[in-house]
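Please read the structure below before turning to the comments.
Note that the structure is a prediction, hence the values are computed from the model and not measured.
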Amino acid sequence: RDLHSFPTRRSSDLANATLLGQYLHSSDWQTETITLGAEYANTVQRLYFLWRNDGSMGDNPAAAVDNISIQEVNCARPAGLTVSNAGIYDATVIISPASENDVQWEISLNDSLFTVNDTTVTITGLTPASIYNIMARTICTSGDTSVWSEATSFMTGCVAISTVPQTWDFESDLLGGTVNYPLPTCWNRLATGSNDYPYVYSYNYSTSGSNSLYFSNYYPNTLAIMPELDNSLNAQELQVSFFAYLSSVSNAVKLQVGVMTDPTDASTFVPVDTVTLTDAFPVDPYVVKFSSYTGSGHHIAFKNAVIGTAYSAIYLDDLVLEEIPACEPPVALSVSDISDVSATVSWTAQGDATSWTVEYGEAGFTPGTGTVGTAYTNSFVLTGLVGGTTYTVYVSADCGAAGTSSSKQISLTTAVCPLSQQCQFTFNLTDSYGDGWNGGQLNVMQNDVLTTTLTLSTGSSSTEVVSLCDTASVALVWVEGS
């Protein structure tokens, strides 16, 4: 239910009346003030209060209006307020006076007040890529001030990316796109046809938080375009890393990562790499290096490239733009042969690493205070462990003159028995709806120790093999998801 008020000349003009205010149903009295602008001066108007009930809350109670007061305004608010030429650090404001005698106004810019003596004012010192709300009121010769004008808003322009790393988790700072189809601030999109894809989607298809960048399966070959790179950055020296997955496996749907010279022209998109996705987020992020790019573009973009007809959406999350490291860290860390006193950590080497530093300690330890070892192959045996204890392991690469890499980590929980007393158990995970467990997980416990956690991130089925001690009891604990 809501209440509308309109000015109009005759009752028959109600259909063409101007809406002055709309007040939604409330169980308490609301006090409202409406000021008719200068456009109504020297005219005869009829003021209407219209009660409308859409039936969503039944027929009662009805609306009530009381204590109506009409007063002459001696100091009229500005007839209009517009913002033009909003730049990166400034904006031009144009005030339409209520009277030719008005010569001074007060402006409220995000609640900061200042006085101006001209109808056209350039406001400087603004913050890039920021939303500002602005109002104005007349300062009359009598010393009186009018009520504030209707508020309007504007957004300042974007500055190019000049430093890396830059990260986007798609959880906040979503001033790009539209209200219903947002994008990160200063991002753009090029859609195919009349649609608003891709956009930031909130439905827990993500690796962190609840948001991810969503490419619709119904609108292929759309582009999500990152903010412009500053001339001080060389695209050939950069890389992006991100997590992504397909709503269903399809060889016809690929994620292309490339560079554009013109973010308004899809034909300038040059693919640098084509990523084949699966129906689950990977353990390690996908990495695309731009070292092979030979063009002069400054806009990195993502495209859901479709060959023929396919119906599989893409979800992309936790994006990082950074320099290509001189020494690349290991990837695909895994743990095997977990006993009560030892375990083996393995990884996939990248780049020119000749050795790796391994540091481990009980979960929560501070790096630099753990047990440290050096590996000359892509695996390392952790020793001196305690049964039923959770450990964190860090592995970094040593590339000689190129330095050392950042570290990658993995956690493990030691068994409550030696390897000789363990058996392999197969768990068949299923989901009747086919979209995974939506964050739900199955904890496998032995002797009150969490030995492993099983989950189905997407799809309808999966098979997991777990080593368990045949001399200890097993408890399965279900943890509800979203």
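- Residues Asn133 and Ser153 share a closest heavy-atom pair of OD1-CB, 3.3 Å.
- In this structure, Val393 and Gln409 have side chains that are not in contact, with every pair of non-hydrogen atoms separated by 4.5 Å or more.
- Judged purely by distance below 3.5 Å, without hydrogens or angles, the side chains of Asn217 and Ser312 never pair a donor atom with an acceptor atom.
- Taking CG from Asn443 and OG1 from Thr452, the interatomic distance works out to 9.0 Å, rounded to the nearest 0.5 Å.
- Residue Thr115 holds its OG1 atom at 9.0 Å from CZ of Arg137, rounded to the nearest 0.5 Å.
- Not a single donor-acceptor pair under 3.5 Å links the side chain of Asp398 to the backbone N or O of Ser355.
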Practice task
Please step through side-chain hydrogen bond (donor to acceptor under 3.5 Å, both in side chains) for the pair Thr451 and Thr413, ending with a clear verdict.
Solution key: CA-CA 6 Å; Thr451 61; Thr413 300; over 6 Å; no
Handout entry: Step-by-step side-chain contact (heavy atoms from CB on, under 4.5 Å) determination, Glu237 to Ser291
Key = CA-CA 6 Å; Glu237 298 175 353; Ser291 52; over 6 Å; no
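- Side chains of Asp230 and Ser232: a donor-acceptor N/O pair is present below 3.5 angstrom, by distance only.
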Problem - From CA spacing to verdict: side-chain contact (heavy atoms from CB on, under 4.5 Å), Leu319, Met226 - result: CA-CA 11 Å; Leu319 169 68; Met226 293 171 57; 4.0 Å; yes
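- Contact annotation: the side chain of Leu429 approaches that of Trp437 to within less than 4.5 Å [non-hydrogen atoms, C-beta and beyond].
- For the atom pair Thr455 OG1 and Gln441 CD, the distance stands at 6.5 Å (nearest 0.5 Å).
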Practice task
Would you sort out whether Thr390 and Leu412 count as a side-chain contact (heavy atoms from CB on, under 4.5 Å), showing the intermediate values?
Solution key: CA-CA 6 Å; Thr390 300; Leu412 66 102; over 6 Å; no
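- Looking at Ser405, its side chain does come within 3.5 Å of a backbone N or O of Ala397 through a donor-acceptor pair.
- For the pairing with Tyr214, the ring pair (Phe, Tyr, Trp, His ring centres under 6.0 Å) check across Tyr219, Tyr201, Phe302 returns one residue only, Tyr201.
- Here the straight-line distance linking atom CG of Leu333 with atom OG of Ser407 works out to 9.5 Å at 0.5 Å rounding.
- In this structure, Asp111 places its CG atom where only 12 or fewer heavy-atom neighbours from other residues, nucleotides or ligands lie under 6.0 Å away.
- Inspection of the Thr414 and Asp340 side chains reveals no N or O donor paired with an N or O acceptor under 3.5 Å.
- In this structure, Phe365 has its ring center closer than 6.0 angstrom to the ring center of Tyr394.
- When all heavy atoms of Asp102 and Pro97 are compared, the pair lying nearest together is CB-CB, 4.2 Å.
- A side-chain N or O of Asp262 and one of Thr264 form a donor-acceptor pair less than 3.5 Å apart.
- Remark: the backbone N or O of Gln256 is not paired with any side-chain donor or acceptor of Thr274 at under 3.5 angstrom.
- Between the side chain of Tyr360 and the backbone N or O of Thr383 there is at least one donor-acceptor pair closer than 3.5 Å.
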Exercise for the section: Tell me, with the steps shown, if Glu228 and His298 meet side-chain contact (heavy atoms from CB on, under 4.5 Å). Expected result: CA-CA 6 Å; Glu228 181 182 12; His298 287 269; 4.0 Å; yes
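- Judged by distance alone, the side chains of Ser208 and Asp318 do bring a donor and an acceptor atom under 3.5 Å apart.
- Between the side chains of Asp265 and Ser267, at least one donor-acceptor pair of N or O atoms lies under 3.5 Å.
- Listed here is the closest heavy atom pair of Leu456 and Gly459: CD2-O, 3.8 Å.
- Between His299 and Thr261, the shortest heavy-atom distance links the atoms CD2-O, 4.2 Å.
- Of the possible polar contacts, none joining the Trp356 side chain to the Ser379 backbone as a donor-acceptor pair under 3.5 Å is found.
- Going from atom CG of Leu442 over to atom OG1 of Thr453 covers 8.5 Å, rounded to the nearest 0.5 Å.
- With no hydrogens or angles considered, no side-chain donor-acceptor pair links Lys303 and Thr222 at under 3.5 Å.
- In this model, a donor atom of one side chain and an acceptor atom of the other lie less than 3.5 Å apart for Ser342 and Ser339.
- With a 4.5 Å cut-off on side-chain heavy atoms, Ser84 and Thr82 do not count as touching.
- Residue-environment remark: CG (Asp352) stays at or below the threshold of 12 foreign heavy atoms within 6.0 Å.
- Using a distance-only test at 3.5 Å, with no hydrogens or angles considered, no donor-acceptor pair links the side chain of Asn304 to the main chain of Phe215.
- You'll find the side chain of Thr145 stays beyond 4.5 Å of the side chain of Thr138, heavy atoms only.
- Under a cut-off of 6.0 angstrom, the local environment of CZ in Phe425 is crowded, with over 12 non-hydrogen atoms contributed by other residues, nucleotides or ligands.
- Between the side chain of Glu359 and the backbone N or O of Val395, no donor-acceptor pair lies under 3.5 Å.
- Looking at heavy atoms from C-beta onward, Ile314 lies in side-chain contact with Leu277 at the 4.5 angstrom threshold.
- In terms of modelled atom types and a separation under 3.5 Å, the side chain of Asp317 and the main chain of Thr207 share a donor-acceptor contact.
- The aromatic ring centroids of Tyr197 and Tyr199 lie less than 6.0 Å from each other.
- Atom-to-atom distance recorded for Leu126:CG and Met155:CE is 12.5 Å, nearest 0.5 angstrom.
- Paired with Tyr315 under the rule ring pair (Phe, Tyr, Trp, His ring centres under 6.0 Å), one option of Phe243, Phe281, Tyr205 passes, and it is Tyr205.
- Of the possible polar contacts, none joining the Thr366 side chain to the Thr369 backbone as a donor-acceptor pair under 3.5 Å is found.
- For the residue pair Thr122/Asp90, the side-chain donor-acceptor check at 3.5 Å is not satisfied.
- With a 4.5 Å cut-off on side-chain heavy atoms, Leu213 and Trp187 count as touching.
- Side chains of Val345 and Val358 form no contact here, defined as non-hydrogen atoms less than 4.5 Å apart.
- Between Tyr286 and Phe242, the angle of the ring planes lies from 30° to 60°, which puts this pair in the tilted group.
- Residues Ser467 and Gln424 bring a donor and an acceptor atom of their side chains to less than 3.5 Å of each other.
- Defined by atom type and a distance below 3.5 Å, a donor-acceptor pair is missing between the side-chain atoms of Trp168 and Gln166.
- Side-chain contact between Met260 and Leu190 is present, with at least one heavy-atom pair separated by less than 4.5 Å.
- Listed for the Thr185 side chain is a donor-acceptor partner under 3.5 Å among the backbone atoms of Leu175.
- Side-chain N/O atoms of Ser396 and Thr404 include no donor and acceptor closer than 3.5 Å.
- Nearest heavy atoms, Ala301 versus Leu223: CB-CD2, 4.2 Å.
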Practice task
Before giving the answer on salt bridge (Lys or Arg N to Asp or Glu O under 4.0 Å), spell out for Glu323 and Lys289 the whole-Å C-alpha distance, their side-chain angles and the decisive distance to 0.1 Å.
Solution key: CA-CA 9 Å; Glu323 290 183 340; Lys289 299 178 174 66; over 6 Å; no
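- A side chain to side chain donor-acceptor pair (under 3.5 Å) with Asn211 holds for exactly one of Ser202, Ser172, Ser206; it is Ser202.
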